[in-house]
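The first residue in the sequence is number 1, and the count goes up from there.
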Amino acid sequence: MQIGRMIRRVARMVVPPALFIGLTAYFGWNVMQGDHGLHSYAAQLRLLDEARAAQQDAMSEQAAWGRRVRGLKESALDTDTLDERSRAMLNLARPDELIVPYGPHDHLY
């Protein structure tokens, strides 16, 4: 009889704290490692920073292409400048033009 009472008394003293410690450990592990834990939160923040950087890159590229497209509109083009640059890049001249040769180290602009 005495042994049975001691076992019940020890069980009453040990089981509730053991359950509490087990639950605390379970929730503590989930706070750190779970699907919504701190490690997942940090990973989501890193992904958010990468997405924001990619968005900034895309927006700057879109702005650059927008400037290029606006420059191609008929009202934005200066036909004389376009003609001059195209002939300079293609190395062409008209028969009535004077050609002034420059040295290899002289810059035109």
Side-chain angles (χ1 to χ4, degrees):
M1 257 339 213
Q2 290 286 6
I3 294 177
R5 272 194 214 156
M6 284 180 59
I7 290 174
R8 271 188 267 147
R9 189 200 280 159
V10 169
R12 279 191 217 142
M13 289 180 3
V14 171
V15 170
L19 285 174
F20 178 72
I21 289 172
L23 282 173
T24 303
Y26 172 75
F27 287 118
W29 184 84
N30 275 324
V31 163
M32 296 302 291
Q33 305 291 335
D35 291 340
H36 303 286
L38 294 177
H39 292 295
S40 296
Y41 180 69
Q44 291 295 323
L45 287 179
R46 282 192 300 274
L47 288 174
L48 181 63
D49 288 341
E50 290 173 10
R52 284 184 178 155
Q55 181 186 21
Q56 283 289 58
D57 292 342
M59 288 174 65
S60 64
E61 187 175 349
Q62 182 183 17
W65 279 105
R67 283 191 303 273
R68 287 181 178 180
V69 169
R70 279 192 305 275
L72 292 175
K73 289 188 179 176
E74 213 172 297
S75 61
L77 288 176
D78 182 18
T79 55
D80 291 334
T81 306
L82 178 64
D83 182 50
E84 175 189 343
R85 290 302 305 146
S86 63
R87 286 187 293 112
M89 292 178 78
L90 294 172
N91 199 19
L92 297 175
R94 292 185 187 149
D96 61 341
E97 291 181 334
L98 295 175
I99 299 172
V100 179
Y102 286 94
H105 299 296
D106 294 336
H107 295 288
L108 297 176
Y109 48 89

How would you list all residue pairs meeting side chain to side chain donor-acceptor pair (under 3.5 Å) that involve [range], not counting sequence neighbours?
range: residues 51-70; result: none
range: residues 31-42; result: Gln33-His39
range: residues 17-31; result: Tyr26-Asn30

| query | Taking only residues two or more places apart in sequence, or in another chain, which ones meet Gln44 in a side-chain hydrogen bond (donor to acceptor under 3.5 Å, both in side chains)? | reply |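 Expected list: none.
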| said: My understanding is that a hydrophobic cluster links ILVMFWY residues whose side chain heavy atoms are under 4.5 Å apart, including indirect links. Using that, what else belongs to the cluster containing Met89? | reply: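 In the cluster with Met89 there is nothing else; it is isolated.
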| field | Hydrophobic cluster (4.5 angstrom, side-chain heavy atoms) - remaining members for Leu38 | value |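 Leu38 clusters with Val31, Met32.
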| request: Using a cut-off of 6.0 Å, state whether more than 12 heavy atoms not belonging to Leu90 lie near its atom CG. | output: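 Buried by this count: over 12 neighbours within 6.0 Å.
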| Test side-chain contact (heavy atoms from CB on, under 4.5 Å) applied to Asp83 - qualifying residues, sequence neighbours left out |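 Scan of Asp83 (side-chain contact (heavy atoms from CB on, under 4.5 Å), adjacent residues dropped) gives Ser86, Arg87, Arg94.
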Donor-acceptor list for residues 4-13 side chains, cut-off 3.5 Å, not counting sequence neighbours:
none

